[in-house]
Amino acid sequence: MKVLRTPAERFAALPDYPFAENWLDIDLGDGHSGRMHYVDEGDKAAPPVLLFHGEPSWSFLYRKMIPILADGGFRVLAPDLIGFGKSDKPDDQNFYTYARHVDWLKQWRTAVEPRPAALFCQDWGGLLGLRMVGEEPDLFTCVVTSNTFLPVGGGATPAFLAWREFAKSSPEFDIGAIIDRATQSVRSVEEIAAYNAPYPSEEYKAGARAFPQLVPVEDDTPGVAENKAAWVGLSAFDKPFLTLFGKDDPVLGAAGPALASRIKGADGQPHDMLSDCGHFSQEDRPTELAQGVIDMAKATGHIA
């Protein structure tokens with residue numbers, strides 16, 4: 001197996017992404033190491049907010065939210081998961097596991113910002129972030145989620161099974177086009193190119209192709225037991241927990257009320273199903289999402 005690094009020139013012309021690069025060396029396992037890239041904006045002494053992306057995006061997805069949150073009084077941290085964005089990319093789909101992704105993200109969190117933090121997470125960012133909240137709730141001051149869940153088996157919809165097979169075996173896996181189709185607003189040619197930038201060739205896409213295979217939707221999938229255990233802590237999480245889901249997401253849009261109904265801190269919060277909003281809600285409704293984070297953080301005193 002090789003650990004690939006996307007050439008820097010691929011990121012030379014990103015629109016609306018002026019953020020400085022930051023890096024952390026990660027122990028990937030089996031004797032491999034790799035660099036994780038992350039955005040770190042705002043006052044470093046300010047209360048932190050963590051932004052976790054999902055499949056098959058990267059921190060570019062948060063470019064519209066980052067300035068709003070930094071101006072709102074946060075230290076804003078947005079990592080690129082291993083296999084995505086500017087982070088290094090193992091080229092073997094079988095190397096990626098749910099457990100490893102959790103471990104890699106926890107390594108980053110412990111090294112970069114161990115203080116209690118606000119969290120925004122979407123898609124696989126929720127499968128990772130909500131697991132972490134359930135396992136270590138004291139490390140989080142509030143949570144805002146969008147178009148995500150913490151699955152524990154029980155079966156998958158035909159639409160998800162089709163997506164999983166497509167990601168695994170389709171000869172064409174155009175990531176920029178995939179993201180464009182899953183938004184309600186229109187992506188520019190430059191924005192689509194930015195989502196494709198991390199992947200100069202097919203071998204760089206192993207992590208993006210692997211993620212759908214790792215969702216624990218069947219009862220015997222690795223991660224089911226760990227997620228069931230995490231739900232104990234997640235259900236009891238009593239700090240503000242807000243769901244802002246895209247109404248036009250055909251796969252996960254309806255999961256918002258189900259998620260909110262199971263978490264103590266979600267009681268009485270101003271949950272919303274956002275209109276004109278697809279799966280990648282950060283593209284369609286960034287202002288509303290960022291304000292939701294600010295409101296939840298103010299409710300706890302995490303920011304003034």
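One-based numbering along the sequence shown. All values below come from the heavy atoms of this structure, side chains included, with hydrogens, waters and symmetry mates left out.
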**OP:** Check the pair E288 / C277 against side-chain contact (heavy atoms from CB on, under 4.5 Å), numbers first and verdict last.
**Re:** CA-CA 11 Å; E288 292 85 348; C277 186; over 6 Å; no

Subject >> ILVMFWY network linking F19 to L14, side-chain heavy atoms under 4.5 angstrom >> reply: yes

**OP:** Over all heavy atoms of both residues, which pair between F95 and R100 is shortest? Give the atoms and the distance, please.
**Re:** O-NH1, 2.8 Å

**OP:** For the residue pair W58 and F60, categorise the inter-ring angle as parallel (less than 30°), tilted (30 to 60°) or perpendicular (more than 60°).
**Re:** parallel

**OP:** Can you establish whether the number of heavy atoms outside K298 located under 6.0 Å from its atom NZ is more than 12?
**Re:** no

Original post:
Aromatic ring centroids of H101 and F211 under 6.0 Å?
Top reply: yes

**OP:** Check the side chains of R187 and S185 for a donor-acceptor pair under 3.5 angstrom, ignoring hydrogens and angles.
**Re:** yes

**OP:** Answer yes if the ring centres of F84 and W124 are under 6.0 angstrom apart, and no otherwise.
**Re:** no

Original post:
Side chains of E283 and R63: closer than 4.5 Å at any heavy-atom pair?
Top reply: yes

Subject >> Side chains of F74 and V293 in contact at under 4.5 Å (non-hydrogen atoms) >> reply: yes

Original post:
Any chance the side chains of S169 and E165 put a donor and an acceptor closer than 3.5 Å?
Top reply: yes

Original post:
Are Y38 and S87 close enough that a side-chain donor and a side-chain acceptor fall under 3.5 Å?
Top reply: no

Original post:
L252, I178: one ILVMFWY side-chain cluster at the under-4.5 Å cut-off?
Top reply: no

**OP:** May I ask you to test the F280-D123 pair for a side-chain heavy-atom distance under 4.5 Å?
**Re:** no

Original post:
Can you tell me how far the CG atom of L139 sits from the CD atom of E136, to the nearest 0.5 Å?
Top reply: 5.0 Å

Original post:
Shared ILVMFWY cluster between W108 and W23, side chains joined below 4.5 angstrom?
Top reply: no

Original post:
Quick one: does V133's side chain get under 4.5 Å of L119's, heavy atoms only?
Top reply: yes

Original post:
So, are D40 and R75 salt-bridged, with charged N and O less than 4.0 Å apart?
Top reply: yes

Original post:
V251, V152: one ILVMFWY side-chain cluster at the under-4.5 Å cut-off?
Top reply: no

Original post:
Do K89 and T6 meet the criterion of a side-chain donor-acceptor pair at a distance under 3.5 Å?
Top reply: yes

Original post:
Transitively linked via ILVMFWY side-chain contacts under 4.5 Å: I175 with F166?
Top reply: yes

**OP:** Say whether Q282 and Q122, considering side chains only, have a donor N or O and an acceptor N or O under 3.5 Å apart.
**Re:** yes

Subject >> Over 12 foreign heavy atoms within 6.0 Å of NZ, K106 >> reply: yes

Subject >> Derivation and outcome, side-chain hydrogen bond (donor to acceptor under 3.5 Å, both in side chains), residues Y195 and D180 >> reply: CA-CA 9 Å; Y195 282 116; D180 187 42; over 6 Å; no

Original post:
Looking at side-chain heavy atoms only, is the closest gap between F173 and Y199 below 4.5 Å?
Top reply: no

Subject >> Charged N-O contact under 4.0 Å between E113 and R109 >> reply: no

